[in-house]
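Scroll down for the structure; my scribbles are underneath it.
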Number of protein chains: 2
Amino acid sequence: MTASEKISALRQKMQENNIGAFIIYSADPHMSEYLPAEWQERTWLSGFTGSAGFVVVTKDKAGLWTDGRYFVQAPKELAGSGIDLYKDGMDGTPDYIDWIISEIPEGGKVAVNALATSHANWQLLQEKLSAKGRKIVDLPLLKDIWTDRNASARKNPVFVHPVERAGKSVTEKLNDIRNKMEELGASVHLISSLDDVAWTLNLRGSDVQANPVFLGYILLTKNEAKLYVDLDKLETDARKQLDDSCVKMMPYDNFFEDLKDIKDEKILISPNSNQSIFEALKENNTFIKAPVPGNLMKAIKNPVELQGFRTVMQRDGVAMVKFLHWLTSQVGKEPMSEFTVGEKLRGFRSEGKNFVGESFGSIVGFKENGAIMHYSAKQEECKEVTAEATILVDSGGQYLEGTTDITRTLALGKPSEEFKHNCTLALKGLIQLSMVKFPKGTRGVQLDAFARLALWKEGKDYNHGTGHGVGSFMNVHEGPQNIRKDMNMQDLIPGMVLSNEPGFYYENHYGIRHENLIAVREKETTDFGTFYDFETLTICPFDRNVIAADLLTEPEKDWLNSYHEWCREKLENELEGDVKTWFLEQVKPL
Amino acid sequence: MTASEKISALRQKMQENNIGAFIIYSADPHMSEYLPAEWQERTWLSGFTGSAGFVVVTKDKAGLWTDGRYFVQAPKELAGSGIDLYKDGMDGTPDYIDWIISEIPEGGKVAVNALATSHANWQLLQEKLSAKGRKIVDLPLLKDIWTDRNASARKNPVFVHPVERAGKSVTEKLNDIRNKMEELGASVHLISSLDDVAWTLNLRGSDVQANPVFLGYILLTKNEAKLYVDLDKLETDARKQLDDSCVKMMPYDNFFEDLKDIKDEKILISPNSNQSIFEALKENNTFIKAPVPGNLMKAIKNPVELQGFRTVMQRDGVAMVKFLHWLTSQVGKEPMSEFTVGEKLRGFRSEGKNFVGESFGSIVGFKENGAIMHYSAKQEECKEVTAEATILVDSGGQYLEGTTDITRTLALGKPSEEFKHNCTLALKGLIQLSMVKFPKGTRGVQLDAFARLALWKEGKDYNHGTGHGVGSFMNVHEGPQNIRKDMNMQDLIPGMVLSNEPGFYYENHYGIRHENLIAVREKETTDFGTFYDFETLTICPFDRNVIAADLLTEPEKDWLNSYHEWCREKLENELEGDVKTWFLEQVKPL
């Protein structure tokens with residue numbers, strides 16, 4: 001079926017059900033960032049593969065709303081589909097709800113699959129639509145159109161993340177969560193976000209690409225804990241651990257049926273859970289809408305998890321150094337493309353102990369492709385990598401002990417002075433943020449500008465956040481903390497792991513990003529309070545060829561030299577031969 | 001009457017009205033920061049003179065809740081009153097609403113004067129009290145107890161702030177506000193905050209100490225504008241201007257009576273307006289609760305107002321230099337106290353053209369008194385100022401063309417190396433914030449840490465905001481923008497004037513603060529957006545004796561030297577004799 005045939009089939013269903021508009025979000029029942037294959041409805045329908053964006057179909061129009069990252073890619077992928085591109089954030093682009101209201105008559109119905117949208121979003125939609133006399137209804141119209149879904153993910157094994165790596169037993173975690181339930185006056189707690197489910201039960205899976213999670217729900221009361229999961233996929237150890245922790249195993253498909261039996265309870269649930277859950281419970285229960293308490297507990301890594309990070313950083317650093325040596329010495333000598341460079345890097349990582357897979361699809365951007373922020377090189381259509389330009393490589397690994405995420409920007413040929421200049425400005429940002437010390441209670445938004453100031457002083461900036469939370473053998477993006485321009489009330493707490501990744505993007509020319517992972521650490525308590533700083537976790541030198549040393553202040557140069565010296569201590573004994581010789585040159589003082 | 005007699009009289013009234021608890025906030029009907037004398041009910045009742053804090057009286061208990069600034073002062077002022085001190089923000093201090101609930105039985109009534117509390121606060125109280133079965137009622141119980149109020153403020157003249165200084169006519173302002181009303185779907189708009197009333201109508205008064213405002217309300221519809229004010233106090237020019245701008249003059253005391261005639265309107269009103277207004281209107285109207293639109297317009301100074309600031313800064317700088325010269329050369333030679341130093345400074349300011357008065361009560365803190373953040377030296381009880389320690393002087397002036405606010409910290413004797421060190425750290429903060437450049441859309445919270453980093457690096461900090469908005473011949477504290485650790489969604493917009501005032505406080509030893517006023521200014525537009533920076537407005541050298549030059553980076557030293565050179569250019573010709581000689585020494589390069 002072509003996109004246009006799929007849309008025709010959908011319109012047929014819409015007409016049968018008297019639906020004026022159908023919205024297809026990029027979402028699954030667990031509000032995951034990356035979707036299991038069977039839930040990639042928007043991609044299936046439209047052909048658009050970007051990570052963000054949603055489609056609205058009416059009787060005679062269809063539109064995709066997506067953001068600036070995809071203004072080049074989207075038109076190509078939408079060609080021939082009959083779907084128009086609406087550029088989010090550009091002047092003149094209508095809000096999609098306003099657009100729907102203008103396209104369907106008063107009294108018209110808008111359908112959404114309530115399983116694939118959050119309660120919070122449903123409420124917003126409902127409010128805006130009902131204010132204008134339109135109605136929202138729950139109808140999974142694609143269910144009977146996309147019939148050959150790949151639900152194989154459901155069968156991926158679920159295995160134990162042992163307490164030796166998790167640092168905290170399931171019993172302890174459930175106990176902590178139940179204490180929070182009591183504090184909030186909740187009798188029942190539902191967890192639907194996959195990373196929170198996996199963290200709570202010290203289990204891991206592989207239902208979603210690059211995220212070691214599995215499809216599941218947790219239903220928790222004071223005395224009972226149930227995991228709804230495809231029972232077949234539980235490994236023996238996983239079953240045993242659940243038994244030992246008094247967690248009952250229930251079939252995934254029974255979840256909604258069982259919700260019907262819940263009555264007169266005070267249910268602690270995140271408003272970011274899917275709307276179907278709220279529908280199932282709202283008649284007979286009251287809600288306490290609040291973030292999943294385990295989410296913050298997960299973000300604050302315990303000493304065992306932090307040690308896991310330190311361990312895998314060494315392994316990841318070895319892979320990165322081997323890769324960087326290979327890339328810089330072989331470029332121009334053997335043929336390579338953005339895609340094969342990414343494959344090669346995965347190869348080096350996979351030599352490491354306990355490597356599970358990539359923590360996200362590598363971003364390998366050569367020359368102007370480096371300026372495309374979420375670029376994903378495709379085997380059949382990507383740039384050749386030569387010794388004549390710069391390259392940005394953003395990648396990471398999942399290891400049993402932890403998760404990595406690192407970006408290095410390299411000059412494969414001789415870089416221009418301008419490139420080095422801008423590369424150094426971004427690096428000054430990384431260094432300034434690395435050196436910062438701050439009082440307890442500080443939020444990410446207060447520190448974000450340290451990573452930007454050197455660029456700001458020259459009228460430059462980067463259009464993304466400076467830091468996101470990182471999981472422990474878990475999703476590479478996690479909350480609740482971050483370091484961004486946006487407001488976020490969550491303060492930084494010792495144990496939180498974040499990325500530190502300032503960049504600079506010169507459209508159609510080149511892209512620059514430097515990224516280390518850092519952990520919030522308690523530093524000292526003085527008469528004026530308790531102060532924290534960041535421990536740098538990532539162990540890998542920066543390319544000396546892209547640094548204009550004269551732009552660095554003495555403290556910045558000292559930081560960089562100490563960092564490289566520390567890299568030497570950590571990696572030297574793990575390397576040999578040409579790689580080692582090359583590496584020792586890289587980490588010399590500037 | 002003693003405080004204890006006043007409380008007895010109040011309890012009598014409470015009993016007559018079957019009231020379990022009475023709350024006396026520090027507030028007037030306009031939610032002013034500084035109160036007209038007749039509204040200083042909390043001070044009258046308790047004897048406590050601090051700027052923040054409120055009293056709760058029950059049948060047998062009475063408490064004052066106030067914050068850390070007043071933990072020393074409050075017990076002294078409360079002595080013998082029978083009022084206990086509850087230290088806000090300290091562990092173990094009960095929330096006052098929880099305390100009330102614990103002190104009065106279920107079904108009990110809590111009385112508040114709805115005129116002297118905001119709608120937002122009333123709602124919060126109501127919600128919390130009704131959840132626990134207590135009731136809130138509006139009763140101005142002190143009305144018949146405090147009968148000899150000084151209502152003389154009501155008769156202070158209201159005069160024109162001419163368009164030559166305001167930069168925008170009343171007609172233009174009303175037009176802009178009406179456009180906002182239309183945007184928000186409002187048919188009526190009420191303005192009760194005194195600075196917004198004065199700004200809108202280009203009028204000034206002196207009903208509140210240091211704030212050039214007058215008691216008034218504005219009632220605005222599409223076609224009509226009314227000012228409720230004591231008509232006697234309007235000067236002829238003010239009447240003419242109001243007539244010319246089609247603003248009707250109505251007696252202040254008719255305001256609530258007239259509200260009764262408003263029906264079926266959509267009323268744009270700030271939730272920070274007093275509760276009595278909401279009570280008067282709620283039956284027959286709907287509310288659009290939002291900030292007063294003129295508030296943001298007022299914060300964005302127009303070119304005429306900015307020029308006014310520049311003009312008065314020169315005048316204020318001359319006064320400050322004369323004062324600093326007098327202080328540093330006369331200390332130890334003639335007797336002086338914190339109080340007389342403040343008086344002397346006012347004397348120098350009053351020599352300046354168009355000086356109206358102080359913009360707030362000067363803070364002159366000698367030695368350890370410098371560490372008391374809102375210290376107010378009293379004539380009868382304050383420190384002698386000698387040539388043996390350091391002094392912090394925070395002061396400002398109201399001039400017809402603008403408002404100033406400046407802090408300098410001086411060594412009157414030879415300062416310790418430690419003092420110089422910390423003084424320089426705070427100065428580095430001021431300089432870093434002065435030098436920052438930032439993209440459009442940046443909020444104060446993103447910049448606050450630049451002023452703190454040098455202190456943070458040594459485990460130090462200051463426990464107040466870095467910058468507040470400043471009015472144009474208007475309140476020295478205004479919103480909506482600020483530079484603080486706290487979240488504030490308001491971004492910084494060219495024309496906004498703010499203070500830049502990092503400090504450092506070593507309790508029982510000394511206090512340090514450096515303060516300049518700065519204005520947000522559009523700097524450049526690049527491929528990466530529009531960038532702003534700060535124009536420094538304040539013109540007055542920093543004391544060289546408190547600066548450890550070796551702690552300054554080259555860019556910081558350059559900034560300071562340029563600043564002093566600019567001070568020289570601006571002030572040199574306004575000075576003569578010994579003062580000039582002294583001044584030229586002060587502004588030499590470091």
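Here is the naming used below: chain letters follow the sequence lines, and residue numbers restart at 1 for every chain.
- Side chains of B:R513 and B:F504 form no contact here, defined as non-hydrogen atoms less than 4.5 Å apart.
- For B:T553, no part lies under 4.5 angstrom from a heavy atom of chain A.
- Proximity to chain A (any heavy atom under 4.5 Å) is shown, for B:R452, by neither the backbone nor the side chain.
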| Steps toward side chain to side chain donor-acceptor pair (under 3.5 Å) verdict (A:E501, A:H468) | CA-CA 9 Å; A:E501 48 179 315; A:H468 55 79; 3.1 Å; yes

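- With ring centers used as reference points, B:F419 lies 6.0 Å or more from B:H509.
- If you look at A:F438 and A:F531, their ring centroids are not closer than 6.0 Å.
- Minimum interatomic distance between A:S499 and A:E515 (heavy atoms only, all atoms of both residues): CB-OE2, 3.3 Å.
- Heavy atoms of B:Y462 lying under 4.5 Å from chain A are absent altogether.
- Considering only heavy-atom pairs separated by less than 4.5 Å from chain B, the leading option among A:M435, A:E458, A:K485 is A:K485.
- When heavy atoms are compared at a cutoff of 4.5 Å, B:E524 approaches chain A solely by way of its side chain, counted from C-beta outward.
- B:L447 touches chain A through its side chain: at least one heavy atom from C-beta onward sits under 4.5 Å away, while N, CA, C and O do not.
- Most heavy-atom pairs under 4.5 Å with chain A: of the set B:D461, B:D448, B:L453, this distinction falls to B:L453.
- A ring-centre distance under 6.0 Å is found for B:F450 and A:F450.
- If you measure heavy-atom distances from A:D491 to chain B, you find no contacts under 4.5 Å at all.
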